[in-house]
Protein chains: 2
Amino acid sequence: MATSKNIKPTESEIEILRVLWDKGKATVREVHEILSTHKDAGYTTTLKLLQIMFEKGLVKRDDSIKTHIYFANVSKEITQKQFMGKMINSLFSGSSTQLVMQALGNHQHSKEELEEIQQLLNNLKKK
Amino acid sequence: MATSKNIKPTESEIEILRVLWDKGKATVREVHEILSTHKDAGYTTTLKLLQIMFEKGLVKRDDSIKTHIYFANVSKEITQKQFMGKMINSLFSGSSTQLVMQALGNHQHSKEELEEIQQLLNNLKKK
DNA sequence: TATTGCTTACGAAAATAATCGTATCAATGG
DNA sequence: CCATTGATACGATTATTTTCGTAAGCAATA
């Protein structure tokens, strides 16, 4: 049983996961290139981070070739849920409704987006 | 200009802020009593944390009396926004709509809560 | 007054996270 | 064949966060 599930990625680890979620797979260098557009840390830092994440089970890798290829091993959705849950508890007194209202009220949403939310809301109300 | 605004509280600091937001004000001992119901760290740990938070400007205190009284110096709302923003960027590709949908879809909401959300949604749609 | 109990202050250790330097290996081109 | 380039491994350093131990003040009271 892969017990890697409730390991909470650190901030830097999330940055890396974003790249992997986005691209599907990537070499250390590719990850590093992307990160370095908005952050400056050396190549070996990224490498080390990926190695640590590998040990934690946050990423998989194909090391059958010289230049390893990395993949996310935790889904974006699960990670989102994990952090949402944490946030709801720590900052919204456990009320996901409060969080929703906050997000709705304090951010811009286009007409289309509002409609999309309305759809979901309708579905929920039916039950 | 109090520049204390974009200091991001750490995890432990948030736990403390929750108590202060909830109670309005509290002594170190009161904070500690509450925290110790779900966490075990010594009294001086809580004290030190509050002192650090004071230096950072996260809390105010009345130290005109022997047993100091602490108050939050950052609002819950602003802190919520701050963390929401961070989360939207790091985990929802900048889309607050996605976050809203996630929270709506993956958590329980009572009929009344759904209605409350509907109200807000109606308001937003008007504009 | 001396003791006890509760307080703050504060340095420093322990734990966690992030960064880097260096060794080493493999492929490639001259 | 050897120098160069680019890759991994990994120990060690640095930074940040959390925790605690100890000293010292003050007030109630035995």
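Lettering follows sequence order; numbering is per chain, from 1. What you see below is based on every heavy atom in this structure, not just the backbone, and it leaves out hydrogens, waters and symmetry mates.
Side chain of B:T37 to backbone of B:I34: a donor-acceptor contact under 3.5 angstrom is found. In this structure, the side chain of A:N73 engages the main chain of A:G57 through a donor-acceptor pair within 3.5 Å. No donor-acceptor distance shorter than 3.5 angstrom exists from the side chain of A:E13 to the backbone of A:L49, with no hydrogens or angles considered.
Near DNA chain D, meaning a heavy atom under 4.0 Å from it, residues 47-55 of chain A has A:L47, A:K48, A:Q51 in order of number. In the region residues 28-41 of chain A, proximity to DNA chain C at under 4.0 angstrom, judged on heavy atoms, holds for A:K39, A:A41.
Within the 4.5 Å cutoff, side-chain heavy atoms of B:L99 are placed close to those of A:L99.
Side-chain N/O atoms of A:Y43 include one lying less than 4.0 angstrom from OP1 or OP2 on D:dT8. Regarding contacts with the backbone of C:dA17, every side-chain N or O of A:S12 stays at 4.0 angstrom or more from both OP1 and OP2. Within the structure, a side-chain polar atom (N or O) of B:R61 is placed less than 4.0 Å from OP1 or OP2 of C:dA9.
In this structure A:S64 satisfies the side-chain contact (heavy atoms from CB on, under 4.5 Å) test together with A:D62, sequence neighbours excluded. With sequence neighbours excluded, the residues forming a side-chain contact (heavy atoms from CB on, under 4.5 Å) with A:K125 are A:L121, A:N122, B:L114, B:E115, B:Q118, listed by chain and number. With sequence neighbours excluded, no residue satisfies ring-ring contact (aromatic ring centres under 6.0 Å, His included) with A:H109. Partners of B:T44 under the side-chain contact (heavy atoms from CB on, under 4.5 Å) rule, at least two apart in sequence or in another chain, do not exist in this structure. Residues satisfying the side-chain contact (heavy atoms from CB on, under 4.5 Å) test with A:N89, not counting sequence neighbours, are none. Evaluation of the salt bridge (charged side-chain N to carboxylate O under 4.0 Å, His left out) rule for B:E30 yields no partner, not counting sequence neighbours.
Distance B:E15 CD to D:dT17 P: 15 Å, rounded to the nearest Å. Distance A:E13 CD to C:dT19 P: 11 Å, rounded to the nearest Å. We find that CD1 of B:I65 is positioned 14 Å from C1' of C:dC6, with the value rounded to whole Å. B:D63 has its CG atom 10 Å from the P atom of C:dT8, to the nearest Å.
Residues in residues 77-90 of chain B take part in these salt bridge (charged side-chain N to carboxylate O under 4.0 Å, His left out) pairs, two or more places apart or across chains: A:E11-B:K86.
Summarising the geometry of B:V100 relative to A:L104, their closest heavy-atom pair is CG2-N, 4.2 Å, with the distance given to 0.1 Å. When all heavy atoms are compared, the tightest approach of B:K76 to A:S93 is NZ-OG, 3.2 Å.
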Using distance only, find each side-chain donor-acceptor pair of residues 15-23 of chain A under 3.5 Å and give its atom names and separation, not counting sequence neighbours.
unit_1 : atom_1 : unit_2 : atom_2 : d
A:E15  : OE1    : A:K39  : NZ     : 2.9
A:W21  : NE1    : A:V74  : O      : 2.9

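Nucleotides of DNA chain D nearest to B:E11 and A:T67 differ in position, and the one nearer the 5' end is that of A:T67.
Overall bending of the helix from C:dT1-D:dA30 to C:dG30-D:dC1, expressed as the angle between end axes built from five pairs apiece, is 30° (10° steps).
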Distances for protein N/O vs nucleotides 25-29 of chain D N/O pairs under 3.5 angstrom?
unit_1 : atom_1 : unit_2 : atom_2 : d
D:dG25 : N2     : B:K66  : NZ     : 2.8

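Nucleic acid contact for A:T44: base, since at least one base atom lies under 4.0 Å from a heavy atom of the residue.
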